[in-house]
Amino acid sequence: MKAVVVHGNRDVRVDEVPDPVPGEGEVLLALEWGGICGSDISYWRHGGTGTAVLRHPMILGHEVAGRVAGLGPGVSGVEVGRPVTVHPAELVGEHAYPEGRSNLHPHVRYFGSAAFDPHTDGGFSEYRTVPVGQLRPLPDGVSTQQGALAEPLGVALHAVSRAGSLRGRTVLVNGAGPIGALVVAAAKHRGASAVIAADLAASSLEIAKRMGADETRDLSTQSLPEDVDISFEASGSPAAIGPVLRATARGGTVVQVGNLPGEPAPAALGDLVTREITWTGSYRFADEITDALTALAEGLDVSPLITHTYPLTGAAEALAVAADRTTGSSKVLLRLSE
């Protein structure tokens, strides 16, 4: 089968690799769509992401959806042909973590990750075997193209949940890239009364508006608003932290969603202290990918986020476009099979 394999810095190829065969407790998926994430871009650009360094060629991709094509031994109750997406995390070993927060498990094998050696191949391929427990069936009316966005929507819904109830609250989303735009949609879906999206790129702000933002701020000419109840910092820019703290009302909450690994983040902490702002982190998700599928079935529209689609064989160009914000790209999808 064909697969998108990163071999090193700026070296991604569409390779022929052996067809997978499902083992005990596994299913075989025929994959249809895959979304390019920032970590995929980082492996392509830098040969790693965060502390995960590429040591061997690896299949990219953790935002995928397709259909069940075969069942391994011991699998029952799963219908061949069923459209599904995949929870890309597999917990490794026994460790304690707070109830309901499996994302804080210290050792996780994630699709398309070099955190372990051997690496964990991702799903940018025509087929992949998956433990049955990681399948998430798509609700009626949710396409596999939409299903490929359930993973990043799960990230956004987890971030929103970290802030508590949003109903009737005023929300700022700083950074309107793909995750920021999904936070906009998630915040509106969870009842925020007004969502303000801020970014330097006009194309990103237009997408945020189509994803539900009530107001946008072009930070090349405008400043952030004042006294918002809840802020989501989704740019990951260290320079943004101070202004976002300043934009948040006394007693308000800032959820840190964006993270640029290796970037120092100095910040004046006066606003955090004197305004008693709660500053909390948000990391991946627990099982909010299931909540994402419910939201999609309820009508949350992710289509404005999809700006480009490429065939699997066009993966190198797709990565380059996804990495270059001057192209107007937001979420770039690969069509993994015809």
Side-chain angles (χ1 to χ4, degrees), residues 3-6 12 17 20 26-27 29-54 56-66 84-92 102-103 105 107-116 118-131 133-136 138 144-159 177-179 182 257 259 261 282-293 302 305-306 310 312 315 318-319 322-323 330-337:
V4 178
V5 180
V6 61
V12 67
V17 301
E26 293 183 332
V27 301
L29 297 186
L31 294 162
E32 296 183 1
W33 289 100
I36 292 176
C37 175
S39 64
D40 300 314
I41 294 169
S42 185
Y43 281 118
W44 167 67
R45 270 181 164 170
H46 309 297
T49 182
T51 59
V53 178
L54 196 69
H56 320 285
M58 179 183 73
I59 300 173
L60 291 173
H62 58 265
E63 303 174 6
V64 294
V84 297
T85 187
V86 177
H87 192 311
E90 179 185 5
L91 308 187
V92 178
S102 58
N103 59 313
H105 192 286
H107 301 297
V108 176
R109 278 195 173 275
Y110 216 78
F111 271 37
S113 170
F116 285 83
H119 302 332
T120 306
D121 281 329
F124 287 172
S125 52
E126 293 177 298
Y127 294 92
R128 195 192 193 282
T129 56
V130 179
Q134 289 179 245
L135 295 187
R136 297 295 183 272
L138 301 187
T144 53
Q145 187 181 72
Q146 293 171 303
L149 295 183
E151 195 272 354
L153 179 55
V155 171
L157 286 167
H158 180 74
I179 292 296
L182 287 168
V257 187
N259 173 35
S282 182
Y283 181 58
R284 289 179 177 166
F285 55 88
D287 195 37
E288 285 89 350
I289 190 169
T290 302
D291 299 333
L293 292 173
V302 291
L305 198 69
I306 302 170
Y310 288 86
L312 183 151
L319 283 161
S330 187
K331 182 55 68 175
V332 177
L333 294 184
L334 292 175
R335 175 72 175 177
L336 301 173
S337 62

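The structure presented is a predicted model; accordingly, all values stated were derived computationally and were not measured.
For Asp287 and Arg136, the salt-bridge test passes: some basic side-chain N is under 4.0 Å from an acidic carboxylate O.
Atom CD of residue Glu151 and atom OH of residue Tyr110 lie 4.0 Å apart, to the nearest 0.5 angstrom. Atom CD in Gln134 sits 11.0 Å away from atom OG1 in Thr85 (nearest 0.5 Å). In this structure, Ser39 OG and Phe111 CZ are separated by 13.0 Å, a value rounded to the nearest 0.5 Å. Atom OG1 of Thr144 is separated from atom CG of Leu29 by 11.5 Å, given to the nearest 0.5 angstrom. Between atom CZ of residue Arg109 and atom NE2 of residue His119 there is a gap of 10.0 Å, rounded to the nearest 0.5 Å.
His87 places a side-chain N or O within donor-acceptor distance of the main-chain N or O of Ala286, the cut-off being under 3.5 Å. Side chain of Ser42 to backbone of Gly48: a donor-acceptor contact under 3.5 angstrom is found. Under a 3.5 Å cut-off, the side chain of Arg128 and the backbone N or O of Pro20 do not form any donor-acceptor pair.
The heavy-atom pair separating Ala3 from Val17 by the smallest distance is CB-CG2, 3.9 Å. Residues Ser330 and Pro178 come closest through the heavy atom pair O-CG, 3.6 Å. The minimum heavy-atom distance between Ala292 and Ala150, with the atom names listed, is CB-O, 3.5 Å. Minimum heavy-atom separation, Tyr127 to Leu31: C-CD1, 4.2 Å. Leu334 approaches Ala315 most closely through the heavy-atom pair CD2-CA, 4.0 Å. In this structure, Val6 and Tyr43 approach most closely via the heavy-atom pair CG2-O, 3.7 Å.
In this structure, the side chains of Tyr310 and Val332 come closer than 4.5 Å at one or more pairs of heavy atoms. Between Leu336 and Leu312 there is a side-chain heavy-atom pair separated by less than 4.5 Å. With contacts defined as side-chain heavy-atom distances shorter than 4.5 Å, the pair Leu182/Leu149 does not qualify. Residues Phe124 and Ile36 have side chains in contact (heavy-atom distance under 4.5 Å, counting atoms from C-beta outward). Looking at Ser102 and Leu91, their side chains come closer than 4.5 Å, going by heavy atoms from C-beta outward. Under the 4.5 Å side-chain criterion, counting only non-hydrogen atoms from C-beta, Phe285 is not in contact with Asp291.
The distance between the ring centers of Tyr283 and His158 does not fall below 6.0 angstrom.
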Atom pairs and distances, donor-acceptor, side-chain atoms in residues 57-66, under 3.5 Å, two or more places apart:
{"from": "Glu63", "atom 1": "OE1", "to": "Lys331", "atom 2": "NZ", "distance (Å)": "2.9"}
{"from": "Glu63", "atom 1": "OE2", "to": "Lys331", "atom 2": "NZ", "distance (Å)": "3.3"}

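Residues passing the ring-ring contact (aromatic ring centres under 6.0 Å, His included) test with His107, sequence neighbours excluded: His95.
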